[in-house]
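Encoded as structure tokens, the structure appears first; notes follow it.
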Amino acid sequence: MTLHLLPAFKKGNKMANSKILVIMGSKSDQLIMSKGTEILEKFKIPYQMEICSAHRNPEKTKNLAESAEKKGIKVIIAGAGMAAHLPGVIASYTNLPVIGVPLNASSLSGMDSLFSMVQMPSGVPVATMSIGEAGAKNAAILAIQILALSDEKLKKRLEKFKQDLAEK
Ligand code: RP5
């Protein structure tokens, strides 16, 4: 099966002043992870997207994590399936908050990935979301909530978002 990149991934996807870095382990993760980036776009949050595997591209993973803070990134979202060490490896190279999204990419239905992320040993946390689409969306919302701690306008937009959810 040939996996094509979604249009948003082809544009170079480095928005000026990106606040959030979204990394996923494979092209095969992009459909689910795009459910979260759609929310970032709705909130007009500039973000950078990268496809980078912790085991296939270890040097690139290290460089992305180490350079993120200097580039102005405030939160990193990392999605991966199977033995999903990506968020943990990223968290080992940065003090930025790292949000992990476990993805269903194997016969274990994402439980493998969930346990890989949520069972981080003490000292190097990964804020782990639920498996799949809900997790991708919640990762985006949590990242926005973190940004809203120092952004009053964003806080207001979040309040409106939550009110709309309640009305639905
Ligand atoms: C992980 O392995 C990726 O995050 C993906 O979810 C899974 C399978 O990757 P591919 O074999 O589809 O590239 O590294």
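All figures in this text were calculated on a predicted structure; none of them were measured in a lab. Counting convention: from 1, in listed order, for ligands and their atoms alike.
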Restricting to non-hydrogen atoms, name the atom on [X] and the atom on [Y] that form the minimum distance, rounded to 0.1 Å.
X	Y	result
M24	Q30	SD-CA, 3.6 Å
L103	G79	CD1-C, 3.8 Å
E50	L21	CG-CD1, 4.0 Å

Which atoms of ligand 1 sit under 4.0 Å from any heavy atom of [X]?
X	answer
D29	3 (C), 4 (O), 5 (C), 6 (O)
R56	9 (O), 10 (P), 11 (O), 13 (O), 14 (O)
A80	4 (O)

Q.
Whether the side chain of S113 engages the backbone of A80 through a donor-acceptor N/O pair (distance < 3.5 Å, no angle test) should be reported.
A. yes
(Q) So does L31 get a backbone contact from the side chain of S34, meaning a donor-acceptor N/O pair under 3.5 Å? (A) yes
(Q) Nearest non-hydrogen contact with atom 10 (P) of ligand 1 belongs to which option: S53, S26, A83? (A) S26
Q: From atom 1 (C) of ligand 1, work out which of G81, G110, G25 has a heavy atom at the shortest distance.
A: G81
Q: Using non-hydrogen atoms of the residue, decide whether K27 is closer than 4.0 angstrom to ligand 1.
A: no
